[in-house]
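Remarks on the structure that follows.
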Amino acid sequence: MKGNFAGVIINRLALNIDKIFDYRIPDDLSDNVTVGSHVFVPFGRGKKLIDGYVLYVKNETDFEGDVKEISSLASPEPLFDREMLDVANHLKETCFCSYISAIKTILPPGSGNKNKTNDKFIRGSRLNLPYDEAFDILETLRTKAPKQAQILEILIQNDFVADSDITLLTGASYAAIKALKEKGYIKTEVIETLRMPLDYDDIKPTKSPKLNAEQQSAVDTVTQAVKIQKSDTFLLHGITGSGKTEVFLNCIENALALGKTAIVLVPEIALTPQMVTRFVSRFGKKIAVLHSALSLGERADEYKRIKRGEATVVVGARSAIFAPLKNIGIIVIDEEHETSYKAENAPTYHARNVADYRAKKSGAVQILASATPSVESYYKALQGEYILLSLKSRATGAHLPEIIISDMRDELKCGNRSCIGSTLMEEIQKNIDRSEQTILFLNRRGFSTFVSCRSCGYVAKCKNCDVTLTYHKHRNTLTCHYCGYTIKKPDKCPECDSKYIKEFGTGTQKVEEELKVLFPDISVIRMDVDTTGTKSSHQTLLNKFSEEKTDILLGTQMVSKGLDFPDVTLVGVLAADQSLGIDDFRANERTFNLITQVCGRAGRGKKSGRAVIQTYMPENQTLELSGSQDYISFYNEEIQMRKHLNFPPFCDMVSVLLTAENELSLTTYSQNLAKDIHKVLSHEKVGGFEILGPGAASIPRIGGKFRQRIWIKCTLDEKTTDIFTRLRNYHIKNGKNINMIIESNPYNTL
Ligand code: ADP
Ligand code: ZN
Ligand code: ZN
């Protein structure tokens, strides 16, 4: 539609300008300015031009003042259409975020970047000093030139960082980088980005195996719904290896035959070449892959293929739900229980909700697949909101692993302080004797090993945040995982001068060292954030494990899913209890999922498998049920607990997180706010709500800012969503120097 005026949202994150401004469209642009146009406009008093996005075009404006004119186009083509704009509007309404952050979420990759660089080459920096010297300099810079100190800190933690990332992360200018360079502390390097385009021609096409009766019936049911454009949601539940992937591959094939398109979401961690190859071998060039390991340029290329309609099946991690596909017939969410489907930064959407919105709009069906569905989804299936499709046996006929629960309290009694108990030790030995492979899984959130003094108990903590610093062995540093604060590991205790200041906790490095002592002749591959820093190392390590028949693969979360190695017959879970101790109502669910997933790695081939679960709480039901992959019993236990304590799915949890530098004004403000929320919810007759807090957040201080949280249990519907939107607007006007984030059903509750 042509028009005289355009509504433009300014590409700046400042909340006071987060609204639509009307601009006149000059005649020479009247053919080009439309919804989704990226434009330059004059803004503010000066002559400065700022970029923004056109959200609508119309013939009249109600703005009474002087309407300015759009100056030029910032991109030749519109960046989104009305359909995607609707998605952004939906995000804004449901995520309590700024308008511009919702818009940015739907933009094609790289388009928010005004400094268009040739991203095949990246200019960046690295340290030009030994670590020890860098630390000394870091300490002096902290007071004299804090920005330069931050840059140095980042380069101590990372080998190479793009200059654009440095400025982005620190807010420092290029001048600060230059200053460090001139002093000789860092040096510039230009590297070529790894282009890893898919080699479609190298991947042999495959056909579907003949489906078993359960699979076929699932495919038929789904295909029928696609045909009549009934926006049903199917929950595809079946143990690992039961053939779920085959089911949705066939459903997609049928949808394509009906002229439809499809989106498949998989957890980032599962986007391994193994998985991608499986898709490409079935759908060839119709597949577009979107994930963070691709360079911006590669992602932009894939985006274009989607827009032009060349790619009709999009496979990707969470954000692939924003792929600009037309005529969607199916949206699949594989491993739907995965917490990585929830965005942690604004807009804090859950991919499941966005999928639901898009599916309903385009008459598409959804398939949520999992061996361990989220309690919320299974509840919906039992309530009839979702249609349950169950696969009851492993497609290949392989058996579930035998589960051995190993009571670590007995080990302690016998004086064994090692992280590998005698049962697991014996089983590993059996595998070594038979030349079979083993996966050892260290159940930890993060990977932290901290440093403490054995004499006085001093623990090294971050000076900005109330958390312990994490020890990184190969750099001998202590780093804060929240704010990045980094120091050299002290040689003696800063409190009592004792030299017995040592690392604590069971990190993967420590387990690796123990393994080498216990089994001196075996080969071990360790996989954690320290060893998988670069883009391709994750896959390189896995290839090595499978090709060189390495004895043991040891790792954190990364080894728990998606891997399919037929020679792995033993899985050891080193500290099964770790995630049970966390005070979060999802703790049981998380543990159940993790252990089920890991145990599913054993015995996938012809040989049967064993899983050893080491625990200090052998009587804990969740552990036992996960070992036997008894989801239904787990669910029945869990849903009773949720009902009893009123947790989701019986309510929504809305978190209002408030942060500020001044603790006193933060506390006063939070307390008044909680009272106000109570008043409003009562006044508007919201049923059965409950307010918890305000109280200090689990981490009471991050980056020098104090943190308070208010929890509101209620049902999020139109009315309550509107109340929280008003709350946010009220805060933007009144909450000076206090930051507020409202989030519905957050996973990260620290
Ligand atoms: P899931 O997604 O439930 O883990 P997959 O679909 O990956 O299960 O199937 C597990 C293995 O079984 C794969 O190697 C797959 O090719 C194979 N498979 C699946 N269905 C069949 C079938 N009907 N006949 C033979 N093999 C099958
Ligand atoms: Zn001490
Ligand atoms: Zn910190």
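Note that these values count all heavy atoms, side chains included, but never hydrogens, waters or copies made by symmetry. Both counts, for ligands and for their atoms, begin at 1 and track the order of listing. Remember, it's a predicted structure, so these values are computed and weren't measured experimentally.
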Residue from His337, Glu336, Glu338 passing side-chain hydrogen bond (donor to acceptor under 3.5 Å, both in side chains) with Ser374 = Glu336

ask   = Considering only heavy atoms of Lys210, which atoms of ligand 1 have at least one such atom less than 4.0 Å away?
value = 22 (C), 23 (N), 24 (N)

query = Taking only heavy atoms of Lys244, which atoms of ligand 1 are found under 4.0 Å from at least one of them?
reply = 1 (P), 2 (O), 3 (O), 6 (O), 8 (O)

inquiry  = Salt bridge or not between Glu253 and Lys286? Use side-chain N to carboxylate O under 4.0 Å.
reply    = no

ask   = Is Glu663 salt-bridged to Arg701, going by a charged N under 4.0 Å from an acidic O?
value = no

query = Which bit of Ile239 is near ligand 1, meaning a heavy atom under 4.0 Å away: side chain, backbone, both or neither?
reply = backbone

task = Please determine, by modelled atom types, if Asp220 and Gln216 share a side-chain donor-acceptor pair under 3.5 angstrom.
result = yes

Basic-acidic side-chain contact under 4.0 Å: Glu246, Arg282 = yes

query = Under a heavy-atom criterion of less than 4.0 Å, does Ser242 contact ligand 1?
reply = yes

task = Any atoms of ligand 1 less than 4.0 Å from a non-hydrogen atom of Asn212? List them with their elements.
result = 23 (N)

task = Taking only heavy atoms of Gln215 into account, list the atoms of ligand 1 that are under 4.0 Å away from them.
result = 19 (C), 20 (N), 22 (C), 23 (N)

task = Please test Tyr471 against Asn476 for side chain to side chain donor-acceptor pair (under 3.5 Å), starting from the C-alpha separation and ending with a verdict.
result = CA-CA 7 Å; Tyr471 177 56; Asn476 202 33; 3.2 Å; yes

request  = Check each heavy atom of Arg278 against ligand 1 and say whether those closer than 4.0 Å belong to the side chain, the backbone, both or neither.
outcome  = side chain

message = Counting only heavy atoms, tell me which of Ala371, Ala213, Pro209 gets closest to atom 24 (N) of ligand 1.
response = Pro209

